[in-house]
Amino acid sequence: MEQLIEGVSYVFFAIGVLFWLWGTAPLLGDRSILFKLHSLSVSDTLGSMSIMIGLLLRIPREWPLLVLALISLAIWNTTLGYVLAFCSRRKPL
Amino acid sequence: MEETVLLVIVLLLPLTASLVVTQVNPYHALVMRGVLGTIAALIYALFGAADVALTEALVGTMLSITLYAIAVRSSLSMRLGVLEGSPVLDASTLAARQLLQRIRQGLQPQHMRLELAAYANAELLLAALRDREVHSILLEPGDETADYRLVTRVPRLQTLLAQQTLVCEVMAP
Amino acid sequence: MNLLLFLLTLTLCLPLYAAWLKEDIWKTMLAFASLATKTSILILVVSVLRDDWMIGIVGVLMLSVGNAALMLLAHVIKRLEML
């Protein structure tokens, strides 16, 4: 059972790292700012949440801390995505 | 293996520090200072100094860059005094628009902003320039053919604006 | 687990390189936002690895309050472009 849980947590880590790499790679490209923002906010939030779930499976006794991190990640990262998109709109002088 | 990762992360610190130093634009430098603060907090946490990491993250990154952004924003600007009801205030005429555009282009290389301040009449405008409330004032043209007159009290602003072929008189102190 | 740490550090370098390219200020801001999230997750992973909850709390606090400064800075820079 323990080995199964460890294997599942490794799967979550792999998903998280893949999400991170997939979302951060467009940052180096030559795309528009909103495209980069979209892929970054999606992949950062989902990838980080996946890594956190993997950590939660490993150490369930510290769940309040990790669940707090999960919730704040979900709320603040999406809010930050909206704020950055709102602020980076070009306005005429 | 963990030592190697730690070494790579620690090497990122001087790298970001040199990035902060080499920035030309003050706002880019501020954002890079934030990046430096996050990397520093990461390193402190990895070495086990949780209190130092928390202070660096909250004060060094959050508070200091916000305060610095406001300070840089309010100090890197040229205050231009104009008369109330002047077309420069809402850029309604072509001449006013072109003048504003040229002043902004002159200030751009120094990352400065243009800030307009309205005064009720010409005496108040001159008094504001004398009392150092504004850096320069804009006097309305007397008739149709004449141009706007720029008067400043800062010689450096005259040299900056002269690069955009804007004639600017320096008021004697 | 060590491979995970290595991969996380590798992805940490990507936004840093993007910030180094210094084009638009908003792209630098994006890189900063991404870096802030990534460092706190890295701190959390290390805290689980070492079973040290003092660093874990630092990671959680950076996650929950660190984005506020970014939002403030974004608004200041936006006001700058409007004037």
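Below, chains carry the letters A, B, ... as their sequence lines are ordered, and counting in each starts from 1.
- At a 4.5 Å heavy-atom cutoff, the contact between B:I65 and chain C is made by backbone and side-chain atoms alike.
- Of the possible donor and acceptor atoms, none in the side chain of B:H135 sits under 3.5 Å from a partner among the backbone N and O of B:M78.
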Show, in sequence, the C-alpha distance, side-chain angles and deciding distance for B:L139 and B:L125, and conclude whether the side-chain contact (heavy atoms from CB on, under 4.5 Å) test is met.
CA-CA 9 Å; B:L139 297 174; B:L125 201 59; 3.9 Å; yes
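- Only the side chain of B:L58 comes within contact range of chain C, with heavy atoms under 4.5 Å apart.
- Proximity of B:L160 to B:R156: side-chain heavy atoms (C-beta onward) are separated by under 4.5 Å at one or more points.
- A distance-only check finds a donor-acceptor pair linking the side chain of B:N121 to the backbone of B:E123 [under 3.5 Å].
- Side-chain contact between C:L63 and C:L44 is present, with heavy atoms from C-beta onward closer than 4.5 Å.
- Put simply, the side chain of B:L150 reaches to within 4.5 Å of the side chain of B:I103, judged on heavy atoms.
- When each of B:G34, B:G37, B:A57 is scored by its heavy-atom pairs under 4.5 Å with chain C, the top score falls to B:G34.
- Between the side chain of B:S18 and the backbone N or O of B:P14, at least one donor-acceptor pair lies under 3.5 Å.
- Contacts between B:V35 and chain C at a heavy-atom distance below 4.5 Å involve backbone atoms as well as side-chain atoms.
- A donor-acceptor pair under 3.5 Å is formed between the side chain of B:Q23 and the backbone N or O of B:L19.
- Of the listed residues B:N25, B:T61, B:T38, the one with more heavy-atom pairs under 4.5 angstrom with chain C than any other is B:T38.
- For the options C:M54, C:R50, C:M62, heavy-atom pairs under 4.5 Å to chain B are most numerous at C:R50.
- Proximity to chain B is limited to the side chain of C:L72, based on heavy atoms less than 4.5 angstrom apart.
- B:R149 places no side-chain N or O within 3.5 Å of a backbone atom of B:L138 that could act as its donor or acceptor partner.
- Note: B:V31 leads B:T16, B:D51, B:I70, B:V31 in heavy-atom pairs under 4.5 Å with chain C.
- Heavy atoms of B:S77 lying under 4.5 Å from chain C are absent altogether.
- Along residues 7-14 of chain C, the residues that come nearer than 4.5 angstrom to chain B, judged on non-hydrogen atoms, are C:T9, C:L12, C:C13 in order of number.
- For B:L30, no part lies near chain C; criterion is any non-hydrogen pair under 4.5 Å.
- A side-chain donor-acceptor contact under 3.5 Å links C:H75 to the backbone of C:M71.
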